[in-house]
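These numbers were taken from a predicted model, which means no experiment stands behind them.
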Amino acid sequence: MKRFLPALFILVGWLIFGGVASAQTLAANGWPPQTQLFTDAHFLAQAIPFVIALAIVLGILQARAAIRGGGDAILGEKVRRHDVSTVTAHWSNAIGMILCMLTGAVVLRWVDYKPELRLLYLFHYVGAALIIYGVFNHLARHTVSGGTGLIPKSFGVIRDVIGELLEYAGLFGPEGAVFGIPWPKAIRQPIARYTRAILDYRESRTHKYLATEQLLSYPVWGILIAIVVVTGLIKVMRYVYVVPGSLLATATVIHDLTTIAVVIMLVIHLLPLLLVPANWPLLLSMFKTTVSRRYVENRHPAWYKALLAKPRQVETAPSESSEQQPAQVKA
């Protein structure tokens, strides 16, 4: 029950917020529909609490389904890395970000293009709603399920990040190098040897999520998206509440500057996925939810052992003799 309390608190809080917003609007005999843009923004402001409520309710239901067996699992020659709800929330957030960045670039005149203004803002508001849904759905699911795989557990993640970056640079084995092109062995092997000796870096420790995902991706995305969402809410709430001009101006500047940081972060986020062939299955898993069992065994051995250690998931694997299973656990 304790897992549900934060999600329920957020849900009730936002429903109360929606009611107060509507009451204030009615008490003032409604906001005058000065323009169509004003009407659209006012509608978005009133719809936000219900978008958040929908995200939280679905997140709770999806987390319950994952707890009952819809999470990570060995499925024959495939391994489920993400469930459908995770993929949906990810792409809701990603598509929303892309829509907001493109429309924001036009609004701020970073792009020399002049579309119909109401349509431009409409796409921006749709993108904002998708981001809000993705964020609160993600928070609700992980609050209920207790999923913390992307949160660093120790300072050892710093060591693993250095090792993975050396792999990308082609200085620590050929498998994880950019375009699969390593440096010559005369250069690569001494660096690998000293890396193991000084940092105690071992590829066999790789779990479901890479160290770079845990330290350089997820926390940074969390901070940037939180800033974008909070400042965006302040900007849109002016169509329901009276927002001080100084607060609105500050939120607008922070919102715009953070958007630039998001664009830079998006490039950094995509580079290791697109340039490193060893990471391509991880990218594809965000479309089809699974990766091959052989890939997990070779590139994520610690995660593979954890999957085999779960009796229920071992049962979903292909039928194997009792003599073969111990050998796999040692892989």
Legend entry - Inter-residue atom distance Arg299.CZ - Ser292.OG, 0.5 Å rounding: 12.0 Å
Legend entry - Aromatic ring pairing Tyr121/Tyr125, orientation class (parallel under 30°, perpendicular over 60°, tilted between): tilted
Inset, instruction - Evaluate the side-chain proximity of Met101 to Leu266: yes if any heavy-atom separation is below 4.5 Å, no if none is. - result: yes
Inset, instruction - Tell me whether Val262 is reachable from Leu233 by hopping between hydrophobic residues (I, L, V, M, F, W, Y) whose side-chain heavy atoms are closer than 4.5 Å. - result: yes
Legend entry - Check: Arg64 side chain, Leu61 main-chain N or O, donor-acceptor pair, under 3.5 Å: no
Legend entry - Note, Leu210 side chain near Asn279 side chain (heavy atom, < 4.5 Å): yes
Legend entry - Which residues share a side-chain contact (heavy atoms from CB on, under 4.5 Å) with Thr250, sequence neighbours left out: Ile254
Legend entry - Flag, side chain of Glu164 to backbone of Ala211, donor-acceptor distance under 3.5 Å: yes
Inset, instruction - Heavy atoms only: give me the nearest Ala128-Cys100 pair and the separation to one decimal. - result: N-SG, 3.4 Å
Legend entry - Partner residues of Tyr168 under the ring pair (Phe, Tyr, Trp, His ring centres under 6.0 Å) criterion, sequence neighbours left out: none
Legend entry - Pairwise side-chain contact, Ile52 with Ile56, heavy-atom cut-off 4.5 Å (strictly under): yes
Inset, instruction - Indicate, with yes or no, if Tyr209 and Leu215 share a hydrophobic cluster defined by side-chain heavy-atom contacts under 4.5 Å among Ile, Leu, Val, Met, Phe, Trp and Tyr. - result: no
Inset, instruction - Kindly say whether Ala73 contributes a backbone atom to a donor-acceptor pair with the side chain of Arg80 at under 3.5 angstrom? - result: no
Legend entry - Where Val79 and Arg293 come nearest, the two heavy atoms and their spacing: CG2-CA, 3.8 Å
Legend entry - Side chain to side chain, Met237 and Ile48, heavy atoms closer than 4.5 Å: yes
Legend entry - Flag side-chain contact, heavy atom, 4.5 Å: Met97 against Ile131: yes
Side chains of residues 280-287: which donor-acceptor pairs under 3.5 Å do they make with residues two or more places apart or in other chains?
from: Trp280; atom 1: NE1; to: Leu273; atom 2: O; distance (Å): 3.3
from: Trp280; atom 1: NE1; to: Leu274; atom 2: O; distance (Å): 3.0
from: Ser285; atom 1: OG; to: Leu282; atom 2: O; distance (Å): 2.6

Legend entry - Lys153, NZ: over 12 other non-hydrogen atoms inside 6.0 angstrom: yes
Inset, instruction - List, by chain and then residue number, the residues other than Leu248 in its hydrophobic cluster (Ile/Leu/Val/Met/Phe/Trp/Tyr, side-chain heavy atoms under 4.5 Å); write none if there are no others. - result: Val230, Ile234, Val243, Leu247
Inset, instruction - Name all residues meeting the side-chain contact (heavy atoms from CB on, under 4.5 Å) criterion together with His207; count only those two or more places apart in sequence or in a different chain, and write none if there are none. - result: Ala302
Inset, instruction - Kindly assign one of parallel, tilted or perpendicular to the pair Trp303 and His300, based on the angle between their ring planes and the thresholds 30° and 60°. - result: perpendicular
Legend entry - In one Ile/Leu/Val/Met/Phe/Trp/Tyr side-chain cluster, 4.5 Å: Val276, Val267: yes
Inset, instruction - Taking Thr212 for its side chain and Val161 for its backbone only, find out whether a donor-acceptor pair lies under 3.5 Å. - result: no
Inset, instruction - For the residue pair Leu44 and Tyr239, establish whether any side-chain heavy-atom pair is separated by less than 4.5 Å. - result: no
Legend entry - Greater than 12 external heavy atoms within 6.0 Å of Tyr218's OH: yes
Legend entry - Residue among His142, His138, Arg141 satisfying side chain to side chain donor-acceptor pair (under 3.5 Å) with Thr86: Arg141
Inset, instruction - Consider only side-chain heavy atoms of I, L, V, M, F, W and Y, link residues closer than 4.5 Å, and tell whether Ile223 and Ile260 are in one cluster. - result: no
Inset, instruction - Flag the pair Ile225 / Asn93 as yes when at least one side-chain heavy-atom distance between them is below 4.5 Å, and no otherwise. - result: yes
Legend entry - Shortest non-hydrogen contact between Val144 and Ile67, atoms and distance: O-CD1, 4.1 Å
Legend entry - Gap separating the CG atom of Leu130 from the CD1 atom of Ile95, nearest 0.5 angstrom: 7.0 Å
Inset, instruction - Let me know which of Thr88, Asp83, Asn137 forms a side chain to side chain donor-acceptor pair (under 3.5 Å) with Gln62. - result: Asn137
Legend entry - Where at least one partner belongs to residues 244-269, residue pairs that pass ring pair (Phe, Tyr, Trp, His ring centres under 6.0 Å), sequence neighbours excluded: Trp221-His269
Inset, instruction - With sequence neighbours excluded, tell me which residues meet salt bridge (charged side-chain N to carboxylate O under 4.0 Å, His left out) with Lys78. - result: none
Legend entry - Close side-chain approach of Tyr304 and Asn298, heavy atoms under 4.5 Å: no
Legend entry - For Val253, side-chain contact (heavy atoms from CB on, under 4.5 Å) partners two or more places apart: Leu257
Inset, instruction - Compare every heavy atom of Ser92 with every heavy atom of Gly134, then report the nearest pair and how far apart it is. - result: N-OG, 3.9 Å
Inset, instruction - Please name all residues satisfying salt bridge (charged side-chain N to carboxylate O under 4.0 Å, His left out) with Arg81, sequence neighbours left out, ordered by chain then number. - result: Glu213
Inset, instruction - Could I get the full list of salt bridge (charged side-chain N to carboxylate O under 4.0 Å, His left out) partners for Arg118, not counting sequence neighbours? - result: Asp40
Legend entry - Non-neighbouring partners of Ile181 that pass side-chain contact (heavy atoms from CB on, under 4.5 Å), sequence neighbours left out: Phe179
Legend entry - Co-members of the apolar cluster containing Phe43 [side chain, <4.5 Å]: none
Inset, instruction - Establish whether Val236 and Val229 are linked, either directly or via other cluster members, by ILVMFWY side-chain heavy-atom contacts under 4.5 Å. - result: yes
